[in-house]
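Quick caveat: nothing in here was measured; it's all calculated off a predicted structure. No hydrogens, no waters, no symmetry mates; every other heavy atom, side chains included, goes into these values.
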Amino acid sequence: MSEYTWDHLQLRSPDPELTAAWFERCLNAEIVRKPGKVDIRLAGINIFIAPVTEGDGVAPPPLPPYQGLDHFGLTVDNLDETVTELKNKGVVFTQEPIAIRPGVRGCFIRGPQNISIEILERRLG
């Protein structure tokens, strides 16, 4: 049976530089510039940011809920500290922190182009 490993995620943006800057400022992503493009590295994953131009046939971001990829999740050691940092950066919360189940708390934020991002704190034991 084949074994899979992550290579990348791809986003589409009308302003890849602005999108990359948001991820750098808000989520500490590393901006990776290559000739003619800008990408990011976030939590060990390469995220390619493809430009969107008028007339190229790319649909606008959907309003949630919708079918397909719903969100991606990141973990942190201290959710309360992270929430404070994100709020100080002006990040929009679509769900404030809640207890999901014993040992797991999380919240949702809205990224560029309506990207939904879950931030989780997992406590073992």
Are the side chains of [X] and [Y] in touch, meaning some heavy atoms are under 4.5 Å apart?
X    : Y    : result
L42  : L74  : yes
R110 : P64  : yes
I115 : W22  : no
C107 : E118 : no
P51  : K37  : no
I40  : L27  : no
V76  : E81  : no

Side-chain donor or acceptor of R41 paired with backbone N/O of V32 under 3.5 Å
no
Using only atom types and a distance under 3.5 Å, with no angle test, would you say the side chain of K89 pairs donor to acceptor with the backbone of R25?
yes
Determine the minimum heavy-atom distance between F48 and D39, stating which atoms define it.
CA-OD1, 3.2 Å
List the atom of S13, the atom of T19, and the distance in Å for their closest heavy-atom pair.
OG-OG1, 2.6 Å
Nearest-0.5 Å distance, [atom1] of residue [X] to [atom2] of residue [Y]:
X   : Y    : atom1 : atom2 : answer
I45 : H8   : CD1   : NE2   : 11.0 Å
N46 : E30  : CG    : CD    : 9.0 Å
E17 : R33  : CD    : CZ    : 4.5 Å
T94 : I117 : OG1   : CD1   : 9.5 Å

Linking I/L/V/M/F/W/Y whenever any side-chain heavy atoms sit under 4.5 Å apart, do L86 and V92 land together?
no
Is it possible for you to say whether I49 and I31 belong to one hydrophobic cluster, with membership spreading through side-chain heavy-atom contacts below 4.5 Å?
yes
Atom CG of residue position D77 - does it have more than 12 heavy atoms of other residues, nucleotides or ligands inside 6.0 Å?
no
Does atom CZ (R12) have a neighbourhood of more than 12 heavy atoms from anything else shown, all under 6.0 Å?
no
Side chain to side chain contact (heavy atoms under 4.5 Å, CB included) evaluation trace for R105 with D80
CA-CA 10 Å; R105 294 174 57 231; D80 294 326; 2.8 Å; yes
